[in-house]
> 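Take this structure first; my questions come after.
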Amino acid sequence: MLSAQERAQIAQVWDLIAGHEAQFGAELLLRLFTVYPSTKVYFPHLSSCHDATQLLSHGQRMLAAVGAAVQHMDHLRAALSPLADLHALVLRVDPANFPLLIQCFHVVLASHLQDEFTVEMQAAWDKFLTGVAVVLTEKYR
């Protein structure tokens, strides 16, 4: 799925994110809620207020899942199976929301990393996150 160069670019960007997962994740959620307000329905504990502690906590969990995917690029299905079950079978998240989340994540990465987030890195991350979304939506079939 990913070339050696793309894997290296994904790892390089993840190294830049490391230590800032909660901040990036909270910003990702706020951007998602702002641009796509309908997504708030999946976050009832966050949609009624913008409690920074809750946003940071959930953002941390979201990016921890992305970090697990980065660490297990060769075995995404196995690494993300519990998360796929949760989203498909318990939370019943509309799979159409994953591309929205990816789009918002790209904006967050670009706004923070600026020149360090090259076009090639963005393409690698798009390919990677699309692969993650595919794995997360396979349980819907």
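Because the structure is predicted, anything quoted here is derived from the model rather than measured.
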> Find out whether Val134 and Phe98 are in side-chain contact, i.e. whether some heavy atom of one side chain is under 4.5 Å from a heavy atom of the other.
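SC-SC contact between Val134 and Phe98 ruled out.
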> Working to the nearest 0.5 angstrom, can you tell me the gap between Asp94 CG and Leu100 CG?
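So the gap between those two atoms works out to 8.5 Å.
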> Work out which heavy atom in His106 is nearest to a heavy atom in Gln122; give both atom names and the distance.
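Nearest pair, atom of His106 first, then Gln122: CE1-O, 3.5 Å.
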> Would a single hydrophobic cluster contain both Val90 and Val41, if residues Ile, Leu, Val, Met, Phe, Trp and Tyr are joined by side-chain heavy-atom contacts under 4.5 Å?
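Hydrophobic grouping puts Val41 with Val90.
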> What I'd like to find out is whether the side chain of Met62 reaches to under 4.5 Å of the side chain of Phe24, using heavy atoms alone.
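Counting from C-beta outward, Met62 and Phe24 never come under 4.5 Å.
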> Using a 3.5 Å distance criterion without hydrogens, assess whether the side chain of Lys127 forms a donor-acceptor pair with backbone atoms of Glu6.
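Flag not set: sc Lys127 to bb Glu6 has no pair under 3.5 Å.
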> Verify, without hydrogens or angle tests, whether His58 (side chain) and Gln54 (backbone) share a donor-acceptor contact under 3.5 angstrom.
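Not confirmed, His58 side chain does not pair with Gln54 backbone.
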> Rounded to the nearest 0.5 Å, what separates atom CD1 in Ile102 from atom CG in Asn97?
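Spacing of CD1 (Ile102) from CG (Asn97) equals 11.0 Å.
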> First locate atom CD of Glu116, then atom CG of Asp15, and finally report the distance between them rounded to the nearest 0.5 Å.
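It comes to 11.5 Å.
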> Tell me whether Ser81 contacts the main-chain N or O of Ala78 through its side chain, where contact means a donor paired with an acceptor under 3.5 Å.
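Not at all, since once roles are kept as given, no pair shorter than 3.5 Å links the two residues.
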> Can you tell me how far the CD atom of Glu120 sits from the CD atom of Gln12, to the nearest 0.5 Å?
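The distance works out to 11.0 Å.
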> Which value, rounded to the nearest 0.5 Å, describes the distance between Leu29 atom CG and Lys40 atom NZ?
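Interatomic distance, Leu29 CG to Lys40 NZ, rounded to 0.5 Å: 11.5 Å.
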> Could you walk me through whether Arg7 and Ile10 pass side-chain contact (heavy atoms from CB on, under 4.5 Å), step by step?
CA-CA 5 Å; Arg7 290 169 185 271; Ile10 291 164; 5.7 Å; no
> When you look at His112 and Leu16, which way does the side-chain contact (heavy atoms from CB on, under 4.5 Å) test go after all the steps?
CA-CA 10 Å; His112 282 276; Leu16 296 170; over 6 Å; no
> Please give me the minimum heavy-atom distance between His72 and Ala79, naming the atom from each residue.
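Looking at all heavy atoms of both residues, the closest pair is CB-CB, 3.6 Å.
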> Apply side-chain contact (heavy atoms from CB on, under 4.5 Å) to the pair Trp125 and Trp14, showing each step before the final yes or no.
CA-CA 10 Å; Trp125 269 85; Trp14 188 252; 3.9 Å; yes
> Are the side chain of Tyr140 and the backbone of His87 linked by a donor-acceptor contact shorter than 3.5 Å?
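The answer is yes, because a donor-acceptor pair under 3.5 Å joins these two groups.
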> Of the options Leu83, Asp85, Leu80, which is the one that meets Lys139 in a side-chain contact (heavy atoms from CB on, under 4.5 Å)?
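Of Leu83, Asp85, Leu80, side-chain contact (heavy atoms from CB on, under 4.5 Å) with Lys139 is met by Asp85 alone.
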> With Val132 as reference, evaluate Thr130, Leu136, Val135 under the side-chain contact (heavy atoms from CB on, under 4.5 Å) test and give the passing residue.
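By the side-chain contact (heavy atoms from CB on, under 4.5 Å) criterion, Val132 pairs with just one of Thr130, Leu136, Val135: Leu136.
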> Quick one: do Val107 and Leu113 end up in the same hydrophobic cluster if we chain Ile, Leu, Val, Met, Phe, Trp and Tyr together by side-chain heavy atoms under 4.5 Å apart?
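Different clusters: Val107 never reaches Leu113 through Ile, Leu, Val, Met, Phe, Trp or Tyr contacts under 4.5 Å.
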> May I have the step-by-step check of side-chain contact (heavy atoms from CB on, under 4.5 Å) for Val13 and Phe128, ending in yes or no?
CA-CA 12 Å; Val13 170; Phe128 169 67; over 6 Å; no
> Can you tell if the side chain of Tyr36 reaches within under 4.5 Å of the side chain of Cys104, non-hydrogen atoms only?
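Of all side-chain heavy-atom pairs linking Cys104 with Tyr36, at least one is under 4.5 Å.
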> Which atom pair, heavy atoms only, marks the closest approach of Phe33 to Thr39?
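Shortest heavy-atom separation between Phe33 and Thr39 comes out as CD2-OG1, 3.7 Å.
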> What distance do His20 atom NE2 and Gln60 atom CD have between them, rounded to the nearest 0.5 Å?
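Reported to 0.5 Å precision, the distance equals 11.5 Å.
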> Within a radius of less than 6.0 Å around CZ of Arg61, do more than 12 heavy atoms belonging to other residues, nucleotides or ligands occur?
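Atom CZ in Arg61 is packed in, count exceeds 12.
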> Closest heavy-atom contact between Ala124 and Gln9?
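The answer is CB-OE1, 3.5 Å.
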